[in-house]
Peer 1: 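There's a structure below that I have some questions on.
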Amino acid sequence: QMKQDDYVKINETAKWMQSIDKTAAAKEEALRNSRNGIEGDFGDRRQKFLEELQGYQAMIDKFKTARDKRGVDDHIERIDTLKEKFEQARITSEDIVKKEELLGWEPTEFEILDVLEEALDPYDKLWNLVSDFNKNHHAWYKGPLFHLVPDKVENECRDMVRLAFKLAGQFESENLPDPASVANVVKQGLDAFKVNVPLVLAFCNPGLKARHWEEISGKIGFTIQPDNSFTLSRLVDMEVGKFLDDLSDISDSATKEYG
């Protein structure tokens, strides 16, 4: 037979169980609210990141109407900034995907990053081509002629012509006349220089000796020696190119002797 104390203990146990249930329910509600808050903040962060990526596309689109070659350094700076942002975006996207997996969400693919990098690439190539052309054009024409490495000059010119031609065709096919115009102008400059490459090959031959220079001087009508003051621009201005066949013959002979 149960005593009065037994009833008291049963009542106290029931109250204790009820308090546990209430505490567990309160903690469960707190955890639910915390998760909802975390998911809400994370969702906002992800949406803001996606909007930032969309903003990068607008920045790329500005290059569609850029054609002022004098602004080449500014264009390259903006392109390099975008490339740095893309690198950081890769890191951010990987972090977001990891958190999505922890939350049990479907991971975001972020294909837009590949799209953005692909969209920027032709402008990156174009404006770096313009920069390289400007630097090389000055070095080729105004720098010391006998510091030029003939094979390197010929290869660089050929590769730049190919790239300019490819970019011009790509922009024209996409109905982007401004960058296409920039690429075509560079190609025209390279084509104009290309006709002088044989002069570089003839004059910058390491096999040329004193007797060869005397022979060359006799052909062109003035004395020339391989010194730092002589430039390709000077040769062009003096119309030395009209003696190219004779100069090439002398240079070829020197190569055979040198070899």
Side-chain angles (χ1 to χ4, degrees), residues 47-94 96-97 107-141 148-198 200-201 232 236:
Q47 183 58 35
K48 182 180 178 182
F49 177 63
L50 289 169
E51 291 172 356
E52 287 178 1
L53 295 182
Q54 293 292 343
Y56 295 153
Q57 182 61 61
M59 296 171 69
I60 294 173
D61 287 343
K62 291 181 179 180
F63 289 109
K64 292 180 178 180
T65 55
R67 59 180 301 165
D68 184 4
K69 295 189 295 301
R70 292 172 298 181
V72 58
D73 291 339
D74 177 62
H75 297 323
I76 291 176
E77 182 178 354
R78 289 192 288 131
I79 287 169
D80 287 344
T81 297
L82 276 170
K83 289 165 70 176
E84 290 174 4
K85 288 182 180 294
F86 293 166
E87 289 180 8
Q88 183 59 47
R90 288 283 180 191
I91 297 172
T92 301
S93 67
E94 291 171 2
I96 288 176
V97 168
T108 305
E109 293 294 335
F110 291 111
E111 299 98 331
I112 188 174
L113 274 171
D114 294 329
V115 173
L116 290 170
E117 290 176 342
E118 185 177 348
L120 181 63
D121 183 64
Y123 300 108
D124 184 12
K125 290 177 178 175
L126 175 67
W127 290 107
N128 275 287
L129 173 64
V130 172
S131 178
D132 290 343
F133 171 72
N134 290 343
K135 294 173 185 175
N136 285 335
H137 190 270
H138 183 271
W140 292 338
Y141 275 110
L148 298 178
V149 180
D151 290 344
K152 181 181 178 183
V153 171
E154 186 176 31
N155 291 336
E156 286 178 341
C157 182
R158 182 188 62 245
D159 291 346
M160 292 170 71
V161 167
R162 288 176 178 171
L163 180 56
F165 179 80
K166 179 180 178 181
L167 290 172
Q170 178 178 347
F171 290 127
E172 288 168 359
S173 68
E174 295 173 1
N175 195 28
L176 297 172
D178 289 329
S181 172
V182 173
N184 278 318
V185 168
V186 172
K187 183 178 180 301
Q188 290 167 8
L190 289 165
D191 286 340
F193 170 75
K194 193 164 56 174
V195 300
N196 295 310
V197 170
V200 176
L201 294 171
L232 177 61
V236 173

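Index from 1, following the sequence.
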Peer 1: Report the C-alpha distance between Met160 and Asn136 in whole Å, list the side-chain angles of each, state the deciding distance to 0.1 Å, and finish with yes or no for side chain to side chain contact (heavy atoms under 4.5 Å, CB included).
Peer 2: CA-CA 10 Å; Met160 292 170 71; Asn136 285 335; 3.6 Å; yes

Peer 1: Just one of Asn128, Leu129, Asp121 clears the side-chain contact (heavy atoms from CB on, under 4.5 Å) bar with Lys125, so which one?
Peer 2: Asp121

Peer 1: Might you work through the side chain to side chain contact (heavy atoms under 4.5 Å, CB included) test for Gln54 and Ile112, ending with a clear yes or no?
Peer 2: CA-CA 8 Å; Gln54 293 292 343; Ile112 188 174; 3.5 Å; yes

Peer 1: Looking at Phe165, I'd like to know if its CZ atom is crowded, meaning that more than 12 non-hydrogen atoms belonging to other residues, nucleotides or ligands lie closer than 6.0 Å.
Peer 2: no

Peer 1: How far apart are the closest heavy atoms of Leu232 and Phe193, and which atoms are they?
Peer 2: CD2-CE1, 3.5 Å

Peer 1: Just checking, is any N or O donor in the side chain of Gln188 or Asn184 under 3.5 Å from an acceptor N or O on the other one?
Peer 2: no

Peer 1: Looking at Pro122 and Leu167, what are the two nearest heavy atoms and their distance?
Peer 2: O-CD2, 3.8 Å

Peer 1: Nearest 0.5 Å please: distance from the CG atom of Leu120 over to the CD1 atom of Ile60.
Peer 2: 5.0 Å

Peer 1: Excluding sequence neighbours, so at least two apart, what forms side-chain hydrogen bond (donor to acceptor under 3.5 Å, both in side chains) with His75?
Peer 2: Arg78

Peer 1: Going from CG on Leu50 to CD1 on Ile96, what distance comes out if it is rounded to the nearest 0.5 angstrom?
Peer 2: 7.0 Å

Peer 1: Evaluate the side chain to side chain contact (heavy atoms under 4.5 Å, CB included) criterion for residues Asn196 and Val200: first the C-alpha distance (whole Å), next the side-chain angles of each, then the deciding distance (0.1 Å), finally the verdict.
Peer 2: CA-CA 7 Å; Asn196 295 310; Val200 176; 5.5 Å; no

Peer 1: Which residue pairs satisfy the salt bridge (Lys or Arg N to Asp or Glu O under 4.0 Å) criterion with at least one member in residues 150-176, sequence neighbours excluded?
Peer 2: none

Peer 1: Can you name the ring pair (Phe, Tyr, Trp, His ring centres under 6.0 Å) partners of Tyr123, sequence neighbours left out?
Peer 2: Phe63, Phe171

Peer 1: Give a yes or no on whether a salt bridge exists between Arg90 and Asp114, defined as a side-chain N under 4.0 angstrom from a carboxylate O.
Peer 2: yes

Peer 1: Shortest non-hydrogen contact from Arg67 to Ser181?
Peer 2: NH2-OG, 3.3 Å

Peer 1: Any donor and acceptor pair, going by atom type alone, linking the side chain of Ser131 with main-chain N or O of Trp127 inside 3.5 Å?
Peer 2: no

Peer 1: One pair to check against side chain to side chain contact (heavy atoms under 4.5 Å, CB included): Gln57 and Leu116. What are the steps and the verdict?
Peer 2: CA-CA 6 Å; Gln57 182 61 61; Leu116 290 170; 3.5 Å; yes

Peer 1: What closest approach, in Å, do Lys187 and Val161 show between heavy atoms, and which atom pair accounts for it?
Peer 2: CE-CG1, 4.5 Å

Peer 1: Give me the atom names and distance for the closest heavy-atom approach of Leu148 to Ala139.
Peer 2: CD2-O, 3.9 Å

Peer 1: List the atom of Tyr56, the atom of Leu82, and the distance in Å for their closest heavy-atom pair.
Peer 2: CD2-CD2, 4.1 Å

Peer 1: Counting neighbours of CD on Glu118 that are heavy atoms of other residues, nucleotides or ligands and sit closer than 6.0 Å, is the number greater than 12?
Peer 2: no

Peer 1: Between Asp132 and Lys135, does any side-chain N to carboxylate O distance fall below 4.0 Å?
Peer 2: no

Peer 1: Look up atom CD1 in Ile79 and atom CG in Leu126, then write down how far apart they are to the nearest 0.5 Å.
Peer 2: 7.5 Å

